[in-house]
Amino acid sequence: MLCHYYITLRCNATCEFCSCWQNEKADQIEERPVDLLPLKQKGIKVLNITGGEPLLSPHLLPVLQQAKNIGLRTDLSTNGLLYAEQAKGIAGLVDNLFFSLDYPTAEEHDRSRGVESFHQIMAAIH
């Protein structure tokens, strides 16, 4: 079983297909780590951390560490904008890392995302 955990509703992109960045209350939502043990006890095996942009959450590392400590597999979906500066911090805590890459060209992808990120994602993949 898989749990999608929206760790934050904040985002640093302005994607044409998502409204997170338009949510005026996103900054007002109190972010706090969840106790993952009850999820594990109910049969959850995979924690897919998403958002908004999960790398914006100050609680990301504690949540990832807690998940690993109780034996959950961890997936993380990111737009890639903050990956280069946070890669070392999440190393060893993420089993599957997913970068959002929407189009095969920088022009199309960056237009869709509202920010330049295509080349950052490609560099992170390499």
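Everything quoted here is computed from the prediction, not taken from an experiment.
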Side-chain heavy atoms nearer than 4.5 Å, only ILVMFWY residues, links allowed to pass through others: does that put [X] and [Y] together?
{"X": "V94", "Y": "Y6", "value": "no"}
{"X": "L39", "Y": "M1", "value": "yes"}
{"X": "L61", "Y": "L76", "value": "yes"}

Quiz item: Tell me the side chain to side chain donor-acceptor pair (under 3.5 Å) pairs involving residues 115-126, sequence neighbours left out?
Solution: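 Pairs touching residues 115-126 that pass the test: H109-S117.
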Practice problem: Would you list the pairs meeting side chain to side chain donor-acceptor pair (under 3.5 Å) in which at least one residue belongs to residues 38-52, sequence neighbours left out? | Solution: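 Every side chain to side chain donor-acceptor pair (under 3.5 Å) pair that includes a residue of residues 38-52, provided the two are not neighbours, is H4-N48.
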Quiz item: Quick one: does L60's side chain get under 4.5 Å of L55's, heavy atoms only?
Solution: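 Touching, per the 4.5 Å side-chain cut-off.
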Quiz item: Quick one: does L97's side chain get under 4.5 Å of T78's, heavy atoms only?
Solution: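 Yes, at least one pair of side-chain atoms sits under 4.5 Å.
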About how many Å separate [atom2] of [Y] and [atom1] of [X], when rounded to the nearest 0.5 Å?
{"X": "Y5", "Y": "S57", "atom1": "OH", "atom2": "OG", "value": "7.0 Å"}
{"X": "L72", "Y": "C3", "atom1": "CG", "atom2": "SG", "value": "9.0 Å"}
{"X": "L2", "Y": "L47", "atom1": "CG", "atom2": "CG", "value": "8.0 Å"}
{"X": "L64", "Y": "H59", "atom1": "CG", "atom2": "NE2", "value": "13.0 Å"}
{"X": "L93", "Y": "I49", "atom1": "CG", "atom2": "CD1", "value": "9.5 Å"}

Practice problem: Share the residues that join Y103 in a hydrophobic cluster, the rule being Ile, Leu, Val, Met, Phe, Trp or Tyr side chains under 4.5 Å apart at the heavy-atom level. | Solution: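 Listed partners: none, Y103 stands alone.
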Quiz prompt | Remaining members of hydrophobic cluster (4.5 Å side-chain criterion), L81 | solution =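 Members other than L81 - counting any ILVMFWY side chain reachable under 4.5 Å - are V115.
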Donor-acceptor contact below 3.5 Å, side chain [X] vs main chain [Y]:
{"X": "R10", "Y": "L56", "result": "yes"}
{"X": "E53", "Y": "A13", "result": "no"}
{"X": "Q66", "Y": "L36", "result": "yes"}

Practice problem: Quick one: list whatever passes ring-ring contact (aromatic ring centres under 6.0 Å, His included) with F99, sequence neighbours left out. | Solution: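 For F99, the residues satisfying ring-ring contact (aromatic ring centres under 6.0 Å, His included) (neighbours in sequence not counted) are Y83.
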Quiz item: By side chain to side chain donor-acceptor pair (under 3.5 Å), which residues pair with Q86, not counting sequence neighbours?
Solution: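 By the side chain to side chain donor-acceptor pair (under 3.5 Å) rule, Q86 matches no residue at all.
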Practice problem: Please say whether more than 12 non-hydrogen atoms of neighbouring residues, nucleotides or ligands are located less than 6.0 Å from CZ in F98. | Solution: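 Yes, the 6.0 Å shell around CZ holds more than 12 heavy atoms from other groups.
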Quiz item: salt bridge (charged side-chain N to carboxylate O under 4.0 Å, His left out) with D102: which residues, sequence neighbours excluded?
Solution: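 Expected list: R113.
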Quiz item: Can you name the nearest heavy-atom pair linking S77 to P54, along with the distance?
Solution: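 In this case the closest contact between S77 and P54 is O-CG, 2.9 Å.
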Exercise. Mind running side chain to side chain contact (heavy atoms under 4.5 Å, CB included) on C11 and N79 for me, showing each step along the way?
Key: CA-CA 9 Å; C11 192; N79 63 24; 3.9 Å; yes
Quiz prompt | Where at least one partner belongs to residues 60-87, residue pairs that pass salt bridge (charged side-chain N to carboxylate O under 4.0 Å, His left out), sequence neighbours excluded | solution =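 The answer is K68-D95, R73-D75.
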